[in-house]
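Have a look at the structure below before the remarks.
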Amino acid sequence: EGRVEVYHDGKWGTICDDQWDDRDAEVVCRQLGLSGNPKALSWAHYGQGSGPILLDEVDCSGNELSLDQCKKSDWGLQNCDHIEDAGVSCDPFTVLFSPKPGHPLLQDSAGLLCMAPTRTVRCGVREQAAEGTVRLAGGRSPSEGRVEVYYNGDWGTVCDDGWTDLSAQVVCRQL
């Protein structure tokens, strides 16, 4: 989450919040490789930027892959002050079902439901991951399943002894 800044023509600048909505936030989150529950924030919610305001009147449908594909004013053409800097929250996980607000659903064998991008990459046939990377396996969709951790070149499961909704929240944030 934070103030949205874009790089254009050799400089960083902010985006004016005129017409800024959750569809624009969805595109920003997608462009950053984040999933979850995108939320647009306005009126410099994350603080005022400095330097140029590079975009105004951004109007995405929500299906674009990047802000560059959205309707918007020409670069640098705007009528705003930094008090109108646009922000975005890309919630690190979206709970599909929750027994209590804000807590992921717990399942047997340290399974959980959450939405998040994967941090593993495929190199040829072998999958490579950073030590300590977590993933969900064996679920009905990529956003649920058994918790596995990459350690010493191999994927292993997590024992559910002492597993709580706090544990599930940590894993969802890691994904």
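Along the sequence shown, residues carry numbers from 1.
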Does any part of the side chain of [Y], heavy atoms only, come nearer than 4.5 Å to the side chain of [X], both counted from C-beta?
X: Asp56; Y: Ile15; result: no
X: Val88; Y: Leu41; result: no
X: Glu57; Y: Lys72; result: no

Quick one: does Glu64's side chain have a donor or acceptor within less than 3.5 Å of a partner on Gly62's backbone?
yes
Could you list the residues that satisfy side-chain hydrogen bond (donor to acceptor under 3.5 Å, both in side chains) with [X], not counting sequence neighbours?
X: Gln78; answer: none
X: Glu5; answer: Arg3
X: Asp21; answer: Arg23
X: Ser42; answer: none

Apply side chain to side chain contact (heavy atoms under 4.5 Å, CB included) to Val147 and Thr157, showing your working.
CA-CA 6 Å; Val147 178; Thr157 58; over 6 Å; no
Working to the nearest 0.5 angstrom, can you tell me the gap between Leu54 CG and His8 NE2?
7.0 Å
Going by the ring-ring contact (aromatic ring centres under 6.0 Å, His included) test, which pairs reach into residues 34-70, not counting sequence neighbours?
none
Could you give all pairs that pass the ring-ring contact (aromatic ring centres under 6.0 Å, His included) test and reach residues 13-33, with sequence neighbours left out?
none
So which heavy atom on Ala40 is nearest to which on Ala25, and how close?
N-CB, 3.6 Å
Those residues at least two apart in sequence (or on a different chain) that pass salt bridge (Lys or Arg N to Asp or Glu O under 4.0 Å) with Asp22 are Lys39
Across all chains, not counting sequence neighbours, the salt bridge (Lys or Arg N to Asp or Glu O under 4.0 Å) partners of Glu84 are none
With His82 via side-chain contact (heavy atoms from CB on, under 4.5 Å) - residues at least two apart:
Thr14, Gln48, Ile53, Asp85
Which salt bridge (charged side-chain N to carboxylate O under 4.0 Å, His left out) pairs, counting each pair once, include a residue from residues 28-38, with sequence neighbours left out?
Glu26-Arg30
Check step by step if side chain to side chain contact (heavy atoms under 4.5 Å, CB included) holds for Asp18 and Asn79.
CA-CA 9 Å; Asp18 293 350; Asn79 59 350; 3.4 Å; yes
Would Trp12 end up clustered with Val58 when hydrophobic side chains under 4.5 Å apart are linked, directly or stepwise?
no
Whichever hydrophobic residues join Leu77 through chains of side-chain contacts under 4.5 Å:
none
Can you pull out every disulfide bond (SG atoms under 2.5 Å apart) where at least one residue sits in residues 36-69? Sequence neighbours excluded, please.
Cys60-Cys70
Is Glu148 salt-bridged to Arg135, going by a charged N under 4.0 Å from an acidic O?
yes
